[in-house]
Structures are given as structure tokens and as C-alpha cells.
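A short worksheet on the structure shown next.
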Amino acid sequence: MWWRSASFILDKQQNDTAQPNPDTLTLSSPPLSMADTLHNPNPNSNNISAYYQTRAAHHGVVTSDWLAQAQAAVGGHPDDVLPPESDVKVAGKPFSVIDEFNNWRKQPDLAEAVAAIRALAAVIRNSEATTMMELEIELKKASDSLKSWDTTSISLTAGCDLFMRYVTRTSALEYEDFNSAKSRLIERAEKFGEISNKARRIIAMLSQDFIFDGCTILVHGFSRVVLEILKTAAQNKKLFRVFCTEGRPDRTGLRLSNELAKLDVPVKLLIDSAVAYSMDEVDMVFVGADGVVESGGIINMMGTYQIALVAHSMNKPVYVAAESYKFARLYPLDQKDMAPALRPIDFGVPIPSKVEVETSARDYTPPQYLTLLFTDLGVLTPSVVSDELIQLYL
């Protein structure tokens, strides 16, 4: 039978392990995936939802062999050891979700959306609400504050929306004592954050069978999850080389090339306009995503669209690596049909005031130019993304 759910890995690991691993972060109940958490708020329920029973009929392409690889990614890992989340407020200073969010963002490897999820979990712990309705209103205000912190961040908005959707599906808890209900909410919120934090490594493990010895991979800009994929491949002793685009305007490709050089991975730096010139040497393209939209397309840093166009015209596969908390309820119809994310551009010479400069930092790549999406929900074709979005937000 075909399986491709990250929750299946986590649940199976818990059931198959007779003795707990002391190096593995354990909880009182089996961990849940983001989708499972949203669909079934009760972590003690043993019933498998109809959603998971029908997932095998979707057009995913992950076999049990690949999930066996991913199982290694969800065990104990140094990155899972996160700083303790304090319940103590600073003397004389009220709790601020933005301050909490900024504290989590200081961890260089923690995604912005995961930092937001952790901050919202802290809101529950520090809340002085006495009813579920008050707590929900408080969470809504905190979520709105985080989203307004950067209105152009798709992953931040999507992460907050997913967390809020999860919380609003807990109306059954109102029949319990509020304090016990609040404790259960805190436990679920922490699990939600832990699954989100592990998503990057699950994606890295699922992608390994697509990287073969002797291949050449083109990457664009800096993506933590793409770096994790390449790092895992290097640790698995795979022989490959990487072409990094410069990644203007912020030159994020330089940062990625430096990280790969530290891993002794052969890397070649390209100017952005040399993509078509070098594409005949490329075997596959790997890119990250700022957001995955309902059509199955992606919104990513400027230049992704033209790379996908060139790769598609030369029959090169384009793989996208993105965590499920980047799945957004957006449906752009063209490049201008999304909120602009502007970045300053330094051309190195003075630009006359009469010359208009395009400062948009991202573009939209339609699904027909993408081959597969590697996510913590599994390896998906673009056509399946809408189904996954429906289940995440249902």
C-alpha cells in the first residue's frame, strides 16, 4: 500500500518502538502531524480519520521505502533540543507576543513561521483568560499582531492561520474544567511546533532517492530546506555538484555557496543571467518557496519563474522543497496579483532619478512548470496541493 504522510512515520515509530530512546524527545502521547493535529484535535483518539484512509488514492509518489528513510529523520536530533519555554514573566514587563517571537527568531536555523507558532504557544501559557472564548480572542489578537509584523511574509501568515485553525477546532474542550483544557491546549501547541520544526529533516530524507551520483543540481538563492537536502546527500556520501545562482538583489546564492563549500561539495557560482547558458549541464533544479498556493504553484524569490521556464523548455525536472506551514490560501492569477515584497537594489553606480527600478523581490511560478513538491506531508505533484490545502484548513 502507498503511504506518504509524515504523521504515519511518527505514529509508526511510536508504535514500533518497545523501549523509548533516551536521546529522543518524547511526550506523553504519540506525536501528530500538522495535518492530523488540525483534523483531529483529540490526541488520545485511536480512530484514523477518513482523510488518512483516503490519502493513498491521491497522486503522491512516495513509497514505504522512502518513508523508511524519513523515519530516521524524526528520531532524536541535536536540532530538536530547543531552549526551555519559560512561564515566568519579566518583572514589571507584560508578556508581548512580538518580543517572544523575536526571541525565537534569534535561532538562525528556526524558520519564521515556526517562531510564530512557538510564540502563539507562549500566549496560551501566559494567558490569564478564564474561559475558552477569552483565550481564543486573545490568541486572535496575538495572531493578528504577528501577521502585521510583516504583511508580505506568506509563511508567517500561513503559519499563524494554521495554528488558529487548530485552536478553533477545540470547542469540545469547553465541556471540561478550563484549567485542564488549557493544559491540553498547551500540550497540543507544543506538539504542533515540534512537528513543524522537524519538517525540514523529513523533507531532506524524502528527497534523497532523487539525487543520484554524478548529478548536477541547480539551486536559486538561499533556502534552509534545500541546504538541508544537499547537506543530507553529502552526509550520505553521494557524489554531486551544485550550480548556485548569485541570487540578486540580496545575493543569497553567495551565502548558500559558502555553506556548501564548508561541506566540501563541489559548487559553481553563476550570475543570474547565465541560467540558460548553463542549463544543458544541469540534471535537476531544486528551489525553496516563500509560499505554496492553491493552484500548486509557488511564490519564491525573484528569478525562480524564469529558471523554471528555461528548465521546462529543456526537459529538466524542477523540484520544490517547502514545509506544509507554507501552504497558503492564495490563488494568484499573474505576477502582479500578490502583495509586493520590495527590496533595495544596489547597482553599484548612481541611478538617474528619471529611471524606474523594479524592486519586487519575488515572483510566481505556475504549477505546469514544476515537477514535484517535497513536503513534510509527502512528495506531491502540483495537482495534489489543492487537496492538501483543503484538508489543512478544513
Side-chain angles (χ1 to χ4, degrees), residues 34-35 38 101 105 110-117 120 143-144 146-166 196-197 199-200 203 219-229 247 250 252 285-308 318-343 360-393:
M34 183 179 296
L38 287 163
F101 172 64
R105 286 180 64 243
L110 195 68
E112 192 175 75
V114 179
I117 290 169
L120 289 174
S143 175
D144 291 342
L146 288 172
K147 289 190 288 186
S148 63
W149 182 83
D150 183 0
T151 57
T152 66
S153 176
I154 298 173
S155 62
L156 177 61
T157 298
C160 291
D161 287 344
L162 283 170
F163 188 93
M164 287 303 300
R165 185 58 183 154
Y166 158 60
S196 301
N197 192 53
R200 197 178 301 157
I203 295 170
V219 298
H220 182 52
F222 183 87
S223 166
R224 293 186 184 94
V225 67
V226 171
L227 177 59
E228 186 71 23
I229 289 172
D250 47 7
T252 50
V285 177
F286 264 100
V287 294
D290 290 343
V292 180
V293 299
E294 294 184 47
S295 63
I298 63 169
I299 297 173
N300 197 37
M301 74 169 294
M302 183 64 72
T304 303
Y305 181 32
Q306 63 190 23
I307 291 175
V318 179
Y319 300 135
V320 179
E323 302 89 337
S324 59
Y325 55 72
K326 293 181 178 178
F327 283 29
R329 301 180 70 177
L330 299 172
Y331 204 108
L333 300 178
D334 55 36
Q335 298 299 326
K336 308 298 182 181
D337 194 20
M338 53 186 176
L342 307 180
R343 297 288 187 275
S360 181
R362 63 191 183 194
D363 57 26
Y364 166 62
T365 304
Q368 62 265 32
Y369 302 113
L370 307 177
T371 307
L372 292 172
L373 292 94
F374 295 93
T375 78
D376 49 303
L377 300 178
V379 182
L380 313 177
T381 58
S383 61
V384 179
V385 170
S386 60
D387 294 338
E388 298 295 340
L389 264 167
I390 290 172
Q391 296 300 335
L392 283 175
Y393 285 96

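If you read the sequence from its start, that first residue is 1, and numbering goes on from there.
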Would you give the length of the straight line joining atom [atom1] of [X] to atom [atom2] of [Y], rounded to the nearest 0.5 angstrom?
{"X": "Asp363", "Y": "Lys336", "atom1": "CG", "atom2": "NZ", "answer": "10.5 Å"}
{"X": "Ile299", "Y": "Leu330", "atom1": "CD1", "atom2": "CG", "answer": "5.5 Å"}
{"X": "Ser324", "Y": "Leu162", "atom1": "OG", "atom2": "CG", "answer": "7.0 Å"}

pair [X]-[Y]: side-chain heavy atoms closer than 4.5 Å:
{"X": "Tyr305", "Y": "Gln335", "result": "yes"}
{"X": "Ile203", "Y": "Glu323", "result": "yes"}
{"X": "Leu156", "Y": "Phe101", "result": "yes"}
{"X": "Ile154", "Y": "Thr157", "result": "no"}
{"X": "Val287", "Y": "Ile298", "result": "yes"}
{"X": "Phe286", "Y": "Ser223", "result": "no"}

Can you confirm if the aromatic rings of Tyr319 and Phe374 lie within a centre distance of less than 6.0 Å?
yes
Shortest non-hydrogen contact from [X] to [Y]?
{"X": "Pro382", "Y": "Leu370", "value": "CG-O, 3.7 Å"}
{"X": "Lys326", "Y": "Ser155", "value": "CG-CB, 3.7 Å"}
{"X": "Gly288", "Y": "Val320", "value": "O-CG1, 4.1 Å"}
{"X": "Val385", "Y": "Gly296", "value": "CB-CA, 3.8 Å"}
{"X": "Thr375", "Y": "Phe327", "value": "CG2-CZ, 3.8 Å"}
{"X": "Arg105", "Y": "Ala115", "value": "CG-CB, 3.9 Å"}

List the steps and the verdict of side chain to side chain contact (heavy atoms under 4.5 Å, CB included) for Tyr364 and Leu333.
CA-CA 9 Å; Tyr364 166 62; Leu333 300 178; over 6 Å; no
Pair Ser386, Tyr331 - check side chain to side chain donor-acceptor pair (under 3.5 Å), show working.
CA-CA 10 Å; Ser386 60; Tyr331 204 108; over 6 Å; no
Salt bridge check, Lys147 against Asp161: does any charged N sit closer than 4.0 Å to a carboxylate O?
yes
Arg200 pairs by side chain to side chain contact (heavy atoms under 4.5 Å, CB included) with which of Ile229, Val225, Val114?
Val225
Any residue meeting ring-ring contact (aromatic ring centres under 6.0 Å, His included) with Tyr369, in chain and number order, not counting sequence neighbours
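His312.
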Taking the side chain from His220 and the backbone from Asn300, do they hold a donor-acceptor pair closer than 3.5 Å?
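A pair under 3.5 Å: no.
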Side chain to side chain donor-acceptor pair (under 3.5 Å) between Ser153 and Glu112, intermediate numbers included:
CA-CA 9 Å; Ser153 176; Glu112 192 175 75; 2.7 Å; yes
